Structure formats: C-alpha cells, structure tokens
Enquirer: 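Dropping a structure here in structure tokens format, bear with me for questions.
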Amino acid sequence: MERIGVFLCSGCGIGEALDVAGLEKATREEKAAYCATHPWLCSPEGVASIRAVIADGTVNSVLLAACSPRVKTVEFAFDPRQVAVERVALREQAVWCQPAHHEDTQLVADDLLRMGFAKLAKMTLPV
C-alpha cells in the first residue's frame, strides 16, 4: 500500500513567500501518511529526518517540496529499492516567479503538490 510522506522546506525564501501551514493542510486532503516542515530540508538534520521516517517504515514514497530536482541531488539520493521519490520545485516554479503572498502564488504551490501526489500515485513502488 502506498504511504506518502511529504517533506516541505521553508528555507530559500519559500517560507517567506508561501503559507507553508496551508500547504501542510493540503497534504491532509491528499491523505499523506506523514507531513513535516523543515527550515532547511537539505541540511544534514533535514536529510536525517527524512531518512529516519523512511527507515522506520512510516512511508514508502517521499514527496520533497523544496528546490529544483536539478540541485541537491546528492543530499536527496535515497535507495530506490526502499522508497519512491518525487521532487516538487516550489522555489523555482512558485516562489521565484510569482509575487510573494499572492493568492496565485499559493495556488501554483498547491497545484505543484497535487501534481507530485499524482505522479507518485502512478509510480511503481519498490518491491
């Protein structure tokens, strides 16, 4: 069974431009098994918190809502036999190209999260 864990980063201006608590609420609508916000998800502490939730079996799919999948590839490299991973670029696709705290900016972020959930739902989970 799919158990999606959502990890929201509030660093790099994301928390200053978006209602991160609103994004957490949206993850409940998508029935996420786990949701956490971290001020610097790519920090050693942030990555350790993700690894801990994966290791204890709470989740078998991870949705990282932070920066572009093209950066921090080493930090967010998880064993594909253990967990399916999808990354949502809140920073580049919402925060950096929309006005801060604008309704449309929040809607873009919400849509990005929904697309991440949809992609994970279509992925084949690790066996």
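This is a predicted model, so every value here is computed, not measured. Along the sequence shown, residues carry numbers from 1.
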Enquirer: Look only at the side chain of Glu92 and the backbone of Ser68, and say whether a donor-acceptor pair between them is shorter than 3.5 Å.
Expert: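 A pair under 3.5 Å: yes.
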
Enquirer: Donor-acceptor pair, distance only, cut-off 3.5 Å: does the side chain of Asn60 make one with the backbone of Val83?
Expert: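 Here the side-chain-to-backbone pair does not exist.
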
Enquirer: Out of curiosity, Ile4 CD1 to Thr27 OG1, how far, rounded to the nearest 0.5 Å?
Expert: 10.5 Å

Enquirer: Looking at every heavy atom in both Ser49 and Gly46, which two are closest together, and how far apart are they?
Expert: OG-O, 2.6 Å

Enquirer: State yes or no: do Val53 and Val6 share one hydrophobic cluster built from I, L, V, M, F, W and Y residues joined by side-chain heavy-atom distances below 4.5 Å, directly or via other members?
Expert: no

Enquirer: Under 3.5 Å, is there a donor-acceptor pair between the side chain of Gln106 and the main chain of Asp19?
Expert: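 Yes, Gln106 side chain to Asp19 backbone: donor-acceptor pair under 3.5 Å.
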
Enquirer: Could you state whether Ile14 and Val108 fall into the same hydrophobic cluster, counting links through intermediate Ile, Leu, Val, Met, Phe, Trp or Tyr residues with side-chain heavy atoms under 4.5 angstrom apart?
Expert: yes

Enquirer: Indicate yes or no: at least one non-hydrogen side-chain atom of Thr37 is less than 4.5 angstrom from one of Leu23.
Expert: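 Heavy-atom side-chain distance check fails, nothing below 4.5 Å.
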
Enquirer: Do the non-hydrogen side-chain atoms of Val71 and Arg91 ever get within less than 4.5 Å of each other?
Expert: yes

Enquirer: If you round to the nearest 0.5 Å, how far is CD1 of Ile50 from CD of Glu45?
Expert: 12.0 Å

Enquirer: Applying the 4.5 Å side-chain criterion to the ILVMFWY set and letting contacts propagate, would Leu112 and Trp96 be lumped into a single cluster?
Expert: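 Per the 4.5 Å side-chain linkage, Leu112 and Trp96 are co-clustered.
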
Enquirer: Taking atom CD of Glu16 and atom NE2 of His101, what is their separation to the nearest 0.5 Å?
Expert: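 Interatomic distance, Glu16 CD to His101 NE2, rounded to 0.5 Å: 7.5 Å.
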
Enquirer: For His38 and Ser43, indicate whether the former's side chain and the latter's backbone hold a donor-acceptor pair under 3.5 Å.
Expert: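 It does not hold such a pair.
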
Enquirer: With Phe7, which residues qualify under ring pair (Phe, Tyr, Trp, His ring centres under 6.0 Å), at least two apart?
Expert: Tyr34

Enquirer: How long is the span from the SG atom in Cys42 to the CD atom in Glu75, to the nearest 0.5 Å?
Expert: 6.0 Å

Enquirer: If you take all heavy atoms of Leu90 and Ala65, which pair is closest and at what distance?
Expert: CD1-CB, 3.6 Å

Enquirer: Can you name the nearest heavy-atom pair linking Glu2 to Ala121, along with the distance?
Expert: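 Shortest heavy-atom separation between Glu2 and Ala121 comes out as OE1-CA, 3.2 Å.
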
Enquirer: If you round to the nearest 0.5 Å, how far is CZ of Arg51 from CG of Asp79?
Expert: 9.0 Å

Enquirer: Please check this pair: side chain of Arg28 against backbone of Cys35, looking for a donor-acceptor N/O pair closer than 3.5 Å.
Expert: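 A pair under 3.5 Å: no.
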
Enquirer: At their closest point, which heavy atom of Ala84 faces which heavy atom of Met123, and how far apart are they?
Expert: CB-SD, 3.9 Å

Enquirer: Quick one: closest heavy-atom pair of Thr58 and Ala33, and the distance?
Expert: O-CB, 4.2 Å

Enquirer: Can Val88 be reached from Val62 by stepping across I, L, V, M, F, W or Y side chains whose heavy atoms are under 4.5 Å apart?
Expert: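 No.
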
Enquirer: Looking at Leu120, is its backbone amide N or carbonyl O close enough to the side chain of Ser61 to form a donor-acceptor pair, meaning the two atoms are under 3.5 Å apart?
Expert: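 No; judged by distance alone, with no hydrogens or angles, the pair does not exist.
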
Enquirer: Calculate, to the nearest 0.5 Å, the distance between atoms CH2 and OG belonging to Trp40 and Ser10 respectively.
Expert: 8.0 Å

Enquirer: Is it possible for you to say whether Leu18 and Met115 belong to one hydrophobic cluster, with membership spreading through side-chain heavy-atom contacts below 4.5 Å?
Expert: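 Yes, Leu18 connects to Met115 through the hydrophobic network.
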
Enquirer: Which heavy-atom pair separates Ala94 from Thr105 by the least distance, and what is that distance?
Expert: O-CG2, 3.8 Å

